[in-house]
Visitor: 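I am attaching a structure below and will ask some questions about it afterwards.
The first residue in the sequence is number 1, and the count goes up from there. All values below come from the heavy atoms of this structure, side chains included, with hydrogens, waters and symmetry mates left out.
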Amino acid sequence: MANEKITQIVANALEKIKASSIADELVELKNTFLGKKSELSSMTSLIGTLPNEEKKSFGAAIHEAKEKISVEIEKKLAIFREKELNEKLAKESIDISLPGKDAHVGARNPFHVIIDEITDIFLGMGFEVAKGPEIESDLYNFELLNLPKDHPARDMQDTFYIDANTLLRTHTSPVQARTMEAKKGEPVRIICPGKTYRRDDDDATHSHQFAQVEGLVIDKDINIGHLKATLELFAKKMFGEKREIRLRSSFFPFTEPSVEVDITCANCGGKGCNICKGTGYIEILGGGMVHPNVLKMNGYDPDKYSGFAFGIGIERVAMLRYGIDDIRKFYTNDVRFIHQFGKKN
Ligand code: DAH
């Protein structure tokens, strides 16, 4: 009788297990058929009422029934779990043929790249890097460079004045005076890259803010040959071994003689083209032998010392080097412009 009941319970359980469609149902069935309050569990308490010879087999039958139901539930659960896992894997599958996300890497403005390159070239020739303020006094920006008040050459360098004696420096040349002051009569070999400002109409080749690299060498027996050799080496390192330079006479109040330095046009190699306006040359900087007045005013005896100086327009060099056609591009922070140079550096 009792065994029949057990068989019935097992059959019922197996049917329900078979019919189950989700794992939760099985957990419930486990509770119904194997839990403390299940029929099989309550039948266990009947063992005590049975005659001794039946006790053992009845107990074994209940145990066997529970075991069977449990095994079937676990089997089916394992099937559900595997199905669940497969579905999850299918959903999370990665298409490795898709292109990856490009990591966003910033790029340096070519303006800074070129300053580093120019600096490297001059460091290689034994120059030191000097610095000076962008808000400068009339004294350093003009007076100590042989540009007294009312000197006509000041007209070319109108700038932004903070008060009558304080201005945004118009060139990096005041660093010449500041360095001579600091070196107190000792030899000098410096460059100074930095920002400069002028009142100017902004167009493709002019900007109210631009930058220069100043150079100054003072020692005994310095002559114009040293200036030429230094700038020739610079031009070849910056623009290529084939570049030649040409010195043209010019005027700057702080140098005598003064020169303007041209390089052979990279585009036509000196034959003449539209880039060099048919001349075969492109101007890159101004320079000259330091004027005796400048030496004297800044504590050097012009009978014992001589020197040369130069000022290079940084944007001009970068524009020639990279083929950039508008100076304003350096300052407008257009990432499309800047990124073109990022990969090279
Ligand atoms: N300061 C000049 C300018 O801005 C450039 C220059 C010319 C600098 C000759 C020099 C130099 O040191 O010797 O136009």
Side-chain angles (χ1 to χ4, degrees), residues 107-125 127 129-131 134 169-173 175-176 190-198 200 202-217 227-248 250 252 258-270 273 275-277 279-288 308-332 337-338 340-342 344-345:
R108 299 183 71 211
N109 192 311
F111 175 76
H112 294 291
V113 175
I114 220 80
I115 290 179
D116 284 356
E117 274 187 45
I118 296 173
T119 305
D120 272 355
I121 293 171
F122 284 104
L123 288 180
M125 290 192 255
F127 283 71
V129 176
K131 279 192 172 150
E134 287 171 32
R169 69 178 178 194
T170 57
H171 47 184
T172 43
S173 302
V175 182
Q176 290 191 28
I190 57 108
I191 55 158
C192 169
K195 292 189 202 121
T196 51
Y197 305 84
R198 279 184 208 178
D200 220 333
D202 288 2
D203 61 28
T205 52
H206 296 89
S207 162
H208 60 275
Q209 180 190 314
F210 57 105
Q212 296 182 330
V213 177
E214 193 73 16
L216 176 67
V217 172
L227 169 69
K228 186 174 182 224
T230 304
L231 295 177
E232 199 162 51
L233 189 60
F234 163 72
K236 285 182 188 293
K237 290 236 182 256
M238 178 53 70
F239 297 105
E241 286 302 316
K242 289 202 181 118
R243 301 279 80 79
E244 299 293 336
I245 64 165
R246 163 176 96 171
L247 273 52
R248 275 183 295 113
S250 183
F252 298 104
S258 299
V259 293
E260 220 117 26
V261 179
D262 304 335
I263 52 164
T264 44
C265 175
N267 191 48
C268 64
C273 67
I275 303 237
C276 58
K277 298 189 182 95
T279 64
Y281 285 92
I282 291 174
E283 184 195 320
I284 54 164
L285 59 94
F308 67 81
F310 56 88
I312 307 173
I314 291 177
E315 292 88 350
R316 183 149 182 78
V317 170
M319 285 165 85
L320 286 172
R321 177 67 188 271
Y322 295 123
I324 296 164
D325 58 5
D326 193 328
I327 191 171
R328 292 166 292 196
K329 288 188 175 146
F330 293 105
Y331 297 109
T332 43
F337 168 70
I338 293 169
Q340 295 175 55
F341 305 93
K344 293 190 197 120
N345 306 291

Visitor: So, are K237 and D120 salt-bridged, with charged N and O less than 4.0 Å apart?
Guide: no
Visitor: When rounded to the nearest 0.5 angstrom, what distance separates OG1 in T230 from CZ in F234?
Guide: 11.5 Å
Visitor: Which atom pair, heavy atoms only, marks the closest approach of M238 to V317?
Guide: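 Minimum heavy-atom contact is CG-CG1, 3.8 Å.
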Visitor: Salt bridge check, K236 against E244: does any charged N sit closer than 4.0 Å to a carboxylate O?
Guide: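 K236 and E244: salt-bridged.
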Visitor: Can we call the ring centroids of F122 and F310 under 6.0 Å apart?
Guide: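 Yes, the ring centres sit under 6.0 Å apart.
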Visitor: Apply side chain to side chain contact (heavy atoms under 4.5 Å, CB included) to R108 and D116, showing your working.
Guide: CA-CA 11 Å; R108 299 183 71 211; D116 284 356; 2.9 Å; yes
Visitor: Rounded to the nearest 0.5 Å, what separation is found between the CD1 atom of I191 and the CD1 atom of I115?
Guide: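 Answer for the CD1-CD1 pair, I191 versus I115, is 9.5 Å.
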Visitor: Check whether any side-chain N or O of T196 sits under 3.5 Å from a backbone N or O of F210 as a donor-acceptor pair, and report yes or no.
Guide: yes
Visitor: Quick one: are L123 and V129 in side-chain contact, heavy atoms under 4.5 Å?
Guide: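 The answer is yes, as the side chains (C-beta and beyond) meet within the 4.5 Å cut-off.
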Visitor: Looking only at heavy atoms, what is the nearest atom pair of V175 and C192, with distance?
Guide: CG2-SG, 3.5 Å
Visitor: Does any N or O in the side chain of E214 come within less than 3.5 Å of the main-chain N or O of S173, such that one atom is a donor and the other an acceptor?
Guide: yes
Visitor: Nearest 0.5 Å please: distance from the CD1 atom of I312 over to the CG atom of L285.
Guide: 5.0 Å
Visitor: How far apart are the closest heavy atoms of I324 and F330, and which atoms are they?
Guide: CD1-CZ, 3.7 Å
Visitor: Does I282 form a side chain to side chain contact (heavy atoms under 4.5 Å, CB included) with D262? I'd like the steps, not just the answer.
Guide: CA-CA 5 Å; I282 291 174; D262 304 335; over 6 Å; no
Visitor: Checking the side chain of N109 only, and the main-chain atoms of H112 only, is there a donor and an acceptor separated by less than 3.5 Å?
Guide: no
Visitor: Going by an N to O cut-off under 4.0 Å, is there a salt bridge joining D200 and R198?
Guide: no
Visitor: Using the rule given for side chain to side chain contact (heavy atoms under 4.5 Å, CB included), can you reason through I327 versus M319, listing the C-alpha separation, both sets of side-chain angles and the distance that settles it, and then say yes or no?
Guide: CA-CA 7 Å; I327 191 171; M319 285 165 85; 4.1 Å; yes
Visitor: Could you pull out the closest heavy-atom pair between T172 and V213, with the gap in Å?
Guide: OG1-C, 4.0 Å
Visitor: Could you give the distance from OH (Y197) to OG (S207), rounded to the nearest 0.5 Å?
Guide: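 Going from the OH atom of Y197 to the OG atom of S207 covers 10.0 Å.
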Visitor: Let me see the working for Y281 and I245 under side chain to side chain contact (heavy atoms under 4.5 Å, CB included), right down to the final yes or no.
Guide: CA-CA 8 Å; Y281 285 92; I245 64 165; over 6 Å; no
Visitor: Just verifying a value: how many Å separate I118 CD1 and Q212 CD, rounded to the nearest 0.5 Å?
Guide: 11.0 Å
Visitor: For the residue pair T264 and K242, what are the closest heavy atoms and their distance?
Guide: OG1-O, 4.2 Å
Visitor: Report yes or no: does E315 contribute a side-chain atom to a donor-acceptor pair with the main-chain N or O of F111 at less than 3.5 Å?
Guide: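 The answer is no, because no donor-acceptor pair under 3.5 Å joins these two groups.
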Visitor: With rounding to the nearest 0.5 angstrom, report the CZ to NZ distance, R246 to K228.
Guide: 12.0 Å
Visitor: Looking only at heavy atoms, which two atoms of F252 and E260 are closest? And how far apart?
Guide: CZ-OE2, 4.1 Å
Visitor: Taking only Lys NZ, Arg NE, NH1 and NH2, and the carboxylate oxygens of Asp or Glu, determine whether R248 and E283 approach each other closer than 4.0 Å.
Guide: yes
